[in-house]
Number of protein chains: 2
Amino acid sequence: MAVSERGPRERMVFSAAQLIRREGVAATGMREVAAHAGAPRGSLQHYFPGGKEQLVNEAVGWAGRYAGNRVARFLAALPEPTPAALFAEMVRQWTDEYEAAGFAGGCPVAAATVDCAQSTDSTREATAAAFAAWTAPVARALTDLGVPGERAEPLATLMISALEGAILIARAERDVRALTTVAHELGPLLDAAVRERT
Amino acid sequence: MAVSERGPRERMVFSAAQLIRREGVAATGMREVAAHAGAPRGSLQHYFPGGKEQLVNEAVGWAGRYAGNRVARFLAALPEPTPAALFAEMVRQWTDEYEAAGFAGGCPVAAATVDCAQSTDSTREATAAAFAAWTAPVARALTDLGVPGERAEPLATLMISALEGAILIARAERDVRALTTVAHELGPLLDAAVRERT
DNA sequence: GGCCGACTATGACGACGGTCATAGTAGTCC
DNA sequence: GGACTACTATGACCGTCGTCATAGTCGGCC
């Protein structure tokens with residue numbers, strides 16, 4: 001796997017996110033996480049004395065920060081940065097993965113929300129924080145691109161909602177159709193918001 | 001609970017959908033389903049010889065048909081039917097539930113997708129069918145409302161994607177904000193599609 | 001009555017999960 | 001060297017889960 005040589009703790013968080021993405025929270029075992037990370041089983045209780053709950057929460061937090069950080073990188077890489085182009089890039093990350101590696105994984109934050117929102121309140125809070133850590137950079141990017149301030153956050157929420165839903169449908173259908181559709185349909189709406197700054 | 005007096009089999013399917021909505025597929029036990037439905041445990045293997053997989057698939061199918069059937073009823077109940085009004089009504093079903101009964105439940109199809117898309121192919125197919133059984137009536141409604149035929153299905157996909165994503169975020173945040181936001185932001189786009197039939 | 005199918009009712013089994021307890025190793029500082 | 005801390009390594013416990021097996025009930029039909 002050529003896991004970059006971070007500490008075993010970080011590797012386990014990363015592996016947890018990977019497995020949760022694929023199988024859901026409940027179906028992901030602690031032993032499985034340790035094995036996937038190439039870490040000893042005993043390290044689990046050493047690094048995560050809070051048990052599975054803590055590990056899952058950290059995996060969700062990691063995923064939220066990861067998604068948030070990518071936004072800036074997307075923006076920097078765009079030759080002609082517009083809101084629609086940013087959204088297309090966010091979507092493209094998923095279509096690329098699905099076409100290259102199959103439809104095995106979804107969004108770990110979505111998985112944690114579905115599996116734990118009702119049963120584990122600390123995880124629910126972690127998912128809310130993850131969505132916030134993702135939405136904020138998107139909204140900031142929108143304002144930077146010329147979207148009026150009061151519309152940036154609603155549009156960011158819309159973008160992430162549509163993306164999450166399309167990921168679900170794409171996995172169900174094993175087809176990127178839903179993803180390309182939302183990118184195509186939402187693009188004009190997003191770019192139109194730029195010109196509204198009267 | 002005043003479960004309307006259908007047969008025990010149907011009650012178990014319904015109960016399975018309810019529990020999956022709340023806790024996810026993996027965390028929903030067969031015994032729990034039987035208890036919730038007020039049905040004897042032995043009936044499970046009698047009515048669902050295919051085991052949990054069959055029960056989950058039927059629950060997903062039921063949910064898809066249920067969502068599809070509601071579309072027509074929404075349309076009929078709207079005083080001034082437009083695409084935006086239809087979408088607002090679809091969203092309102094969720095905001096009403098969340099405000100009245102709390103954020104306990106999500107969409108059972110989303111839960112099944114997250115938990116089973118990778119592990120259980122028959123359930124993945126059931127979720128794809130459920131999304132199709134939901135998208136088709138929405139697309140049909142859009143054409144009835146004047147949306148050009150070639151845009152009806154993409155827009156229906158966009159509506160359902162945004163709704164599913166907003167449900168996730170709303171549950172995570174315990175706030176209907178995301179739901180009202182997508183309804184508000186997507187409304188103009190949907191209605192604008194009507195006037196495009198040149 | 002006797003039979004049979006549909007359904008109910010329980011107990012048991014095997015597997016697996018998360019967690020705990022305990023012991024072992026390695027490196028460091030005194 | 002010896003104590004101490006960080007980390008590794010396993011085995012065991014106990015609960016729960018899905019499933020199977022077996023037996024029991026009930027109603028109709030010949």
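Below, chain A is the first sequence line, B the second, and so on; all start at residue 1. Basis for what follows: all heavy atoms, side chains included, without hydrogens, waters or symmetry-related copies.
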Round to the nearest Å and state the distance from B:Leu44 atom CG to D:dC20 atom C1'.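 B:Leu44 atom CG is separated from D:dC20 atom C1' by 13 Å.
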
Calculate the interatomic distance between B:Met12 atom CE and C:dT8 atom C1'; express it in whole Å.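 Roughly 11 Å, once rounded to whole Å.
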
Please say which of B:Asp115, B:Val56, B:Val33, B:Leu55 ends up in a side-chain contact (heavy atoms from CB on, under 4.5 Å) with B:Thr28.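 In the set B:Asp115, B:Val56, B:Val33, B:Leu55, the residue that makes a side-chain contact (heavy atoms from CB on, under 4.5 Å) with B:Thr28 is B:Val33.
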
Hey, are B:Thr123 and B:Glu53 close enough side-chain-wise for a donor-acceptor pair under 3.5 Å?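 Note: B:Glu53 and B:Thr123 side chains miss the donor-acceptor criterion.
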
C:dT8, D:dA9, D:dC20: which one has an atom nearest the side-chain heavy atoms of A:Gln45?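 Nearest nucleotide to the side chain: D:dA9.
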
For A:Ala26 and for B:Ala39, find the nucleotide of DNA chain C with the closest heavy atom, then tell me which residue's nucleotide is more 5'.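 That would be B:Ala39.
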
To the nearest Å, give me how far apart CZ (A:Arg9) and C1' (D:dA6) are.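 To the nearest whole Å, that distance equals 14 Å.
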
Could you check how far CZ of B:Arg31 sits from P of C:dG11, rounded to whole Å?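 Taking atom P of C:dG11 as the reference, CZ of B:Arg31 is at 12 Å.
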
Any donor-acceptor pair, under 3.5 Å, between the side chain of B:Arg41 and the base of C:dG11, if you only look at N and O atoms?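 Under the 3.5 Å cut-off, the side chain and the base do form a donor-acceptor pair.
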
For a quick check under 3.5 Å, do B:Gln93 and B:Glu97 share a side-chain donor-acceptor pair by atom type?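 Checked: B:Gln93/B:Glu97 side chains show no N/O donor-acceptor pair below 3.5 Å.
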
Whole-Å distance between D:dA9 P and A:His46 NE2?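 Taking atom P of D:dA9 as the reference, NE2 of A:His46 is at 13 Å.
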
Which part of the nucleic acid, if any, lies within reach of B:Gly42 when heavy atoms closer than 4.0 Å are counted: base, sugar-phosphate only, or nothing?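 B:Gly42: base contact, heavy atoms under 4.0 Å.
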
Any A:Ser43 side-chain N or O less than 4.0 Å from OP1/OP2 of D:dT8: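 Answer yes for this pair, as a side-chain N or O of A:Ser43 is under 4.0 Å from OP1 or OP2.
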
Write down the distance between CD (B:Glu53) and P (D:dG18), rounded to a whole number of angstrom.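 It works out to 13 Å between those atoms.
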
Could you give the CE-to-C1' distance, from B:Met30 to D:dT16, as a whole number of Å?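 These atoms are roughly 14 Å apart.
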
Side chains of A:Thr157 and B:Arg177: is there a donor and an acceptor less than 3.5 Å apart?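 Present: a donor and an acceptor within the cut-off.
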
In whole angstrom, give the distance that lies between atom CD of A:Glu32 and atom P of C:dA15.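 About 18 Å, once rounded to whole Å.
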
